[in-house]
Amino acid sequence: MPPVPKSDKLAKAARAQKALKADKADKADKKVKSVKTEQAPAEAPFADVTASDATLRRFLHGLPGVDTVGLEARAAALGTRSIKTTAKAYAIDLAISMIDLTTLEGADTAGKVRALGAKAVHPDPTDRGTPTTAAVCVYPDMVATAKAAVAGSGVKVASVATAFPAGRAALGVKLADTKDAVAAGADEIDMVIDRGAFLSGNYMKVYEEIRAVKEACGDARLKVIFETGELSTYDNIRRASWIGMIAGADFIKTSTGKVGVNATPANTLLMLEAVRDFRAQTGVQVGVKPAGGIRSTKDAIKFLVLVNETAGPDWLDNHWFRFGASSLLNDLLMQRQKLATGRYSGPDYVTVD
Amino acid sequence: MTNLFEYAPAPESRSVVDIAPSYGLFIDGEFTEAADGKVFKTVSPSTEEVLSEVARAGAEDVDRAVKAARKAFDKWSALPGAERGKYLFRIARIIQERSRELAVLETLDNGKPIKETRDADLPLVAAHFFYYAGWADKLDHAGYGPNPRPLGVAGQVIPWNFPLLMLAWKIAPALATGNTVVLKPAETTPLSALFFADICRQAGLPKGVVNILPGYGDAGAALTAHADVNKVAFTGSTAVGKEIARTLAGTDKKLTLELGGKGANIVFDDAPIDQAVEGIVGGIFFNQGQVCCAGSRLLVQESIQDELLDSLKRRLSTLRLGDPLDKNTDIGAINSAEQLSRITALVETGEAEGAERWSPECELPSTGYWFAPTLFTGVTQAHTVARDEIFGPVLSVLTFRTPDEAVAKANNTPYGLSAGIWTEKGSRILAVANKLRAGVIWSNTFNKFDPTSPFGGYKESGFGREGGRHGLEAYLDV
Amino acid sequence: MSDSNGRLSVFKTYKLYVGGKFPRSESGRVYEVNDAKGNWLANAPLSSRKDARDAVVAARKAFGGWAGATAYLRGQILYRVAEMLEGRREQFVREVAEAEGLSKAKAGAVVDAAIDRWVWYAGWTDKIAQIVGGGNPVAGPFFNLSSPEPTGVVTVVAPQDSSFLGLVSVLAPVIATGNTAVVIASEDRPLPALSLAEVLATSDVPGGVVNILSGKTAEIATPLAAHQDVNAIDLAGADAQLAKELEIAAADNLKRVLRPQPVDWSADPGTSRLTPFLETKTVWHPTGSLGSGGSSY
């Protein structure tokens, strides 16, 4: 674990808290049985860090730096892993089960969302043994429709909220957006941070907004989107990751998919390092969701290799890792068919929804 | 914990390389038996399988090869530089075309992972020929005065750790400057040099310009001592390097030596830790640590020792040791039984002297020569494992308190080849780099190589530079 | 001996120059130095192995400061040496004429050339790095710079015949590039070298940067060639047999060896004596993109 500046009592406090906390995670569908912990309310362990703007800034700026070239080289090196046969079959099913199948268009309609829900539940109509996706991800006004479309399947409904994707709205509007989605039945909320506040150095504002949204989420799990393409530097991504985790994020997520640079192996690797270090320090496990730009099976498998060799196998589960994607699913399905039949599939053999 | 995401075997196909049951010496453009008919076997270190039987050069063969090189010298050195360059460009291109075949061959003969031969050795080999090809007709502009002349016949002896890359480092600048060469590859890794001989023929290189003599130390000694050799270039152990220097005393042969090292990798408390861990791992476990410029001493600032070691150990646990032909293998085989016993003996000394030994859980294959990645903690400058070059996957961890102490410890060795510095503070990098007595300093990176970048040591790590404009000097009469 | 006006002249006691001081030989011994015709000129210290050892200690101690001084400052100091030589020109003309059996005019030309050579090397201190170093365009996101650095402590076996111009020609480039030197003066013609020490001592050259020993060349050179804390040796003044022996001894710690070769000391030296005692250090550092936006997937 990197030498994160901390007072020694922090980690101990977090561990004590964790021990007391009942594990409320729904583990019915978990394949990984190693120790999993739900979020402890984070204010206790990091109370001194978040005591003031100054302490928060000192903490974030005391995190170890990131060397751009080294980080990207490591991500590229892991990208050369050769995943074949049984490992590939495992990885494809795992990747399918990790997808937040997403539609976030102004043109979304109930019909579109219902089709998406059907696809999430039965990704490959020719093979009912295909795993479902983890969730469908829609705008708040489509949550109820989505909920109905996936009812009884175990597929979760995630909703973007907080004036997605720009996040340029008053806090009250963001909270109302969140509550609206939760009230409509959203299992998960994907919020965006205030990048303007972050880039102007107002870390406390970012932190407090996340905390407020987390509270508004109730039992829904919260994914915090940093929009890494706008944060621009890896040092910023590491700092944002720690703000998110301290503020109680269940997931940290790269991007909205609406800007030029979305999920990359390097920024995802960096966030995986952050959740790894956070668990080592506090005992609290946080999930990671790269989103946007992951379109092929080859790409998805590279991300799973990053997870496996960085955060570790504990994260190889859709409770802890997600892909925000839409077109990725069809490529995974075609590769899955290829593995089953030995011949290459084509786009006419997967559904366009 | 059980890892559900077990990577299935992903072996590179061996069928891309066709290894003949026997090989001769390559003299004057022809493959030929040794004068005394001697041969030796070369084995695959990962399986101990015999790959081929190779002619073993003796003193008489050395003489024959030097004569061939001498005979070829007049014409070769008189060629316009542009023509010599075009031969080298041809060679570079053929290497690129055959790089998959050569990577598999090198992995078989050396034991290093295919990932490394594919992604490091072979691209660097081709790049080296490409780089020096371009110099052949530009020597007037190299800073050594107008029309610098070649030396004549170069006798070159190379090691087994990067067989083809060391060949490239030796042959490319020698030919570009108009010399002819006699090269002796190491006895455990002769094959890629013999395949290179075939590439010379494919490229139409005039006979005698390149001669390859597989053999043992006796052939190397005969070559470096040969009266009609004008230039000796050696990469290998410091002990042999000193012996060559003595042999050449009083002659007018030009000598360059690239020898051992005990590189310090210095990690300050403000380092980019995750990248530093990668750099430490790459620094000592690249090529199983059988690298002269390896970062074999980790100097870590005491204030972050525990965190760094935790991270390092966690990272080492993810290293994949095994079949070198598997594309996912990180750690391959040790090159020879002899090298393995040297590593083993030094590691035993380290334990006996009280250093604390640690290795990740790691199953070693039952045949072949293997050594698990190993850390020694609690090491001081007084420990043998901090002073002697182990040339294996063994990292000695020492601590320091201040930059001055780090520099003092880093320099406290008769060697001076490489060093690493990890800190986010730019001025500290420059200040420390300035004080380190080593030929190559990697700051916030490690084990990077490039044909344009001069490489070579201070002190007992040798003298002369290979690579870059500097690398020309070794082969010019300047 | 007396001056032409009958005044009894004051003889000079020639001493070694070690660590900025002027000691007698630790051995307490001297030897007779004669002029070219065989007339006694003076006694010179007969250095021992221990004097050589002390000189290495002094040179090592001075190395960090001298190598670490700015090239500009080294140039200033070397130029100061030339200025001081100019002021003592008549003394050196007399000593060179006596040592080498030259006419006063010829000796004057030699001394002038030697002073000019100091000036030449004084100007090189802050230029050599630009000539032999530079950036390397590596194929990757790295800044890569090669710079020359001094090798360390250099033993200089000064030329036997050219007692002053030859000496200056081998010594000045060694220290111009930041090395420190242990000089073995011409065995039979040591006086100009020992007088040069007096110039160095008054020219802001830090003590220990140059150390000058007189005596039997082979006796002094042999332990220096084998000394593990000497990094290089210039064999200019060694005959073929001695040079070979010294080169063999030098291999023990892989000293950089500059073999003896015929040199016309009056010719333009170029950079050929500046580069043999330089190491090339190459430093890498990542450059890469400005941030995370640089790598789109």
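Source: prediction; values computed, not measured. We use all heavy atoms of the structure for the numbers below, so side chains are in, but hydrogens, waters and symmetry mates are not.
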* Asked: Relative to chain C, which segment of B/I421 carries a heavy atom at a distance below 4.5 Å: side chain, backbone, both, or neither?
  -> neither
* **C/R259 and B/T251, any side-chain heavy atoms less than 4.5 Å apart** => yes
* **Members of residues 424-438 of chain B whose heavy atoms come closer than 4.5 Å to chain C** => B/I429, B/A433, B/N434, B/K435, B/L436, B/R437, B/A438
* Asked: What's the shortest heavy-atom distance between C/I248 and B/A249, and which atoms?
  -> CG1-CB, 3.4 Å
* Measure from the side-chain N and O atoms of B/S443 to the backbone N and O of C/W284, and report whether any donor-acceptor pair falls under 3.5 Å. => yes
* Structure fact -> So, the part of C/F142 with a heavy atom under 4.5 Å from chain B: the answer is side chain
* Among residues 452-470 of chain B, which residues come closer than 4.5 Å to chain C, judged by heavy atom distances? -> B/T452, B/S453, B/P454, B/G457, B/Y458, B/K459, B/E460, B/G462, B/F463, B/R465, B/R469, B/H470
* Other residues, nucleotides, ligands: >12 heavy atoms within 6.0 Å of B/R93 CZ -> no
* Measuring heavy-atom distances to chain B, does C/Q241 have an atom under 4.5 Å in its side chain, in its backbone, in both, or in neither? -> neither
* **Heavy-atom check, side chain of C/V257 versus side chain of B/L255, under 4.5 Å** => no
* To do: Tell me, for C/S272 versus chain B, whether the close heavy atoms (under 4.5 Å) come from the side chain, the backbone, both or neither.
  => neither
* Asked: Do C/T282 and B/I441 have side-chain heavy atoms sitting under 4.5 Å apart?
  -> no
* Asked: Above 12 or not: heavy atoms from other molecules or residues under 6.0 Å from CG of B/D252?
  -> no
* To do: Using non-hydrogen atoms and a 4.5 Å limit, figure out which bit of C/L246 sits close to chain B: side chain, backbone, both or neither.
  => neither
* Please check if the side chain of B/K242 supplies one atom and the backbone of C/D252 the other of a donor-acceptor pair under 3.5 Å. => yes
* Asked: Can you name the nearest heavy-atom pair linking C/E247 to B/A245, along with the distance?
  -> OE2-O, 4.5 Å
* **Closest non-hydrogen atom pair, C/P286 against B/T445** => CG-CB, 4.4 Å
* To do: Check each atom of B/F449 against the heavy atoms of chain C and say whether the ones under 4.5 Å are side chain, backbone, both or neither.
  => backbone
* Asked: Are any side-chain N or O atoms of B/N444 and backbone N or O atoms of C/H285, one a donor and one an acceptor, separated by less than 3.5 Å?
  -> no
